Amino acid sequence: MGIGKWITGAIGWALGGPIGALIGYSLGALLEGSSQQGNGNSASNGYSEQRNSFMVSLLVLSAAIMKADGKVMRSELDFVKGFIRNNFGEGAVPQALKVLQELLKKDIDLPQVCAQIKTYMDISQRLQLIHYLIGIAQADSHVSSAELDMLKRIALYLGISQQESESLFAMFGNKLEDAYKVLEVSPDATDDEIKKAYKKMALKHHPDRVESLGADVKKAAEEKFKAIAVAYETIKKERGFN
């Protein structure tokens, strides 16, 4: 599956506002090249404007995270390449990197970009964006203070609470304290409260909530869903309840 499936078709709301201004030049070049490859438009291939806009927004915010500490690490580029490759195929990687390289040269107005995203994306889609961005920041096994600050700012601008952000960060950890944060509960919570929290989080992060963005994004969302189940099992084992 080529990246042209979401670049050559109707991008939707991301073509307007601050995001459209950021991607205009590089997108125009790719449209010209992709049209010659005969990829067709995304509508005819079942790809929604919402999904296309999600992917463009993802690249814009990826660039913001990668530039946060003043240096772009190869591990970060490899993470982005891996995501694109796994979800779109090897042929999509060169074109995605061209867009990303252009974005890395630009100043990104986070408040405006995030305001545009918040207007058009529901909370489940925004949570999925943050989960992906945390993965980029942790790609080199270390999140710098600059990257952490950038992630917190993006989460704030996207209307994601501190508790929700901490839950997403904790999904990348493997300690008991991380498990409680994933479920957004205190270690002092009762067993019944833990069970209720798990059901609530499983519903909140269910992959079906981002199904409209396509099978590839839904597949990525399954990582969050599995992390919630692991956190719950970790707490159950530690407490000894079923």
Side-chain angles (χ1 to χ4, degrees), residues 3 14 17-27 30 53-88 92-118 121 123 125-175 177-178 181-182 217 220-221 223-224 227:
I3 204 169
I19 295 178
L22 282 169
I23 66 172
Y25 176 79
S26 56
L27 184 61
L30 288 182
S53 292
F54 176 90
M55 300 308 298
V56 171
S57 301
L58 185 149
L59 285 180
V60 172
L61 293 182
S62 295
I65 292 295
M66 294 170 72
K67 295 196 302 178
D69 57 3
K71 53 185 178 181
V72 177
M73 304 292 290
R74 177 168 293 277
S75 56
E76 295 170 336
L77 284 171
D78 287 343
F79 186 92
V80 176
K81 287 165 62 177
F83 180 87
I84 297 298
R85 181 181 296 111
N86 292 337
N87 293 298
F88 295 96
V93 174
Q95 292 178 314
L97 290 182
K98 286 181 181 179
V99 175
L100 186 60
Q101 287 167 358
E102 289 296 324
L103 290 169
L104 288 170
K105 299 174 186 177
K106 300 178 180 293
D107 292 326
I108 298 174
D109 189 327
L110 275 181
Q112 289 192 22
V113 165
C114 291
Q116 183 179 4
I117 292 172
K118 184 179 177 181
M121 286 189 193
I123 184 63
Q125 294 169 358
R126 285 177 272 142
L127 287 169
Q128 186 60 39
L129 273 179
I130 291 295
H131 184 264
Y132 169 82
L133 296 175
I134 293 172
I136 291 181
Q138 295 194 341
D140 59 356
S141 301
H142 172 71
V143 180
S144 69
S145 58
E147 289 173 325
L148 180 59
D149 178 66
M150 180 66 71
L151 285 166
K152 288 181 177 179
R153 287 173 57 200
I154 291 175
L156 177 65
Y157 295 147
L158 289 179
I160 295 171
S161 71
Q162 181 178 345
Q163 187 178 47
E164 289 172 324
S165 297
E166 289 179 353
S167 172
L168 292 171
F169 269 107
M171 290 179 187
F172 291 83
N174 55 15
K175 298 178 181 179
E177 61 186 88
D178 294 321
K181 288 182 179 179
V182 167
V217 178
E223 294 181 22
K224 299 203 313 301

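What you see below is based on every heavy atom in this structure, not just the backbone, and it leaves out hydrogens, waters and symmetry mates. Not measured: the values here are computed from a predicted model.
- With sequence neighbours left out, the side-chain hydrogen bond (donor to acceptor under 3.5 Å, both in side chains) criterion links S75 to no other residue.
- A distance of 11.0 Å separates CG in L100 from NZ in K81, rounded to the nearest 0.5 Å.
- Here L129 contributes atom CG and F54 contributes atom CZ; the two are 4.0 Å apart, rounded to the nearest 0.5 Å.
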Open item on the list: One pair to check against side chain to side chain contact (heavy atoms under 4.5 Å, CB included): K224 and L168. What are the steps and the verdict?
Closed with: CA-CA 8 Å; K224 299 203 313 301; L168 292 171; 3.7 Å; yes
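- Considering CG of L22 and CG of L103, their distance stands at 6.5 Å, rounded to 0.5 Å.
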Exercise answer: donor-acceptor pairs, residues 57-72 side-chain atoms, under 3.5 Å, sequence neighbours excluded:
residue, atom, partner, partner atom, Å
S57, OG, S53, O, 2.8
S62, OG, L58, O, 2.6
K67, NZ, K106, O, 2.2
D69, OD1, K71, N, 3.3

Could you tabulate the donor-acceptor pairs under 3.5 Å formed by side-chain atoms of residues 132-143, not counting sequence neighbours?
residue, atom, partner, partner atom, Å
D140, OD1, H142, N, 3.2

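- Contacts classified as side-chain hydrogen bond (donor to acceptor under 3.5 Å, both in side chains) and involving residues 155-165 (residues at least two apart or in different chains) are given here: S161-E164, Q162-E166, E164-K204.
- The backbone N or O of S145 lies less than 3.5 Å from no partner atom in the side chain of D149, so there is not a single donor-acceptor pair.
- Residue L127 holds its CG atom at 10.0 Å from CD of Q125, rounded to the nearest 0.5 Å.
- Among residues two or more places apart in sequence or in another chain, the side-chain hydrogen bond (donor to acceptor under 3.5 Å, both in side chains) test is passed with D109 by Q112.
- By the salt bridge (Lys or Arg N to Asp or Glu O under 4.0 Å) test, K105 is found to be paired with E102, residues two or more places apart in sequence or in another chain being considered.
- Judged purely by atom type and a 3.5 angstrom limit, Q116 uses its side chain to pair as donor or acceptor with the backbone of I19.
- Annotation for L158 and R126: closest pair O-NH1, 2.5 Å, computed over non-hydrogen atoms.
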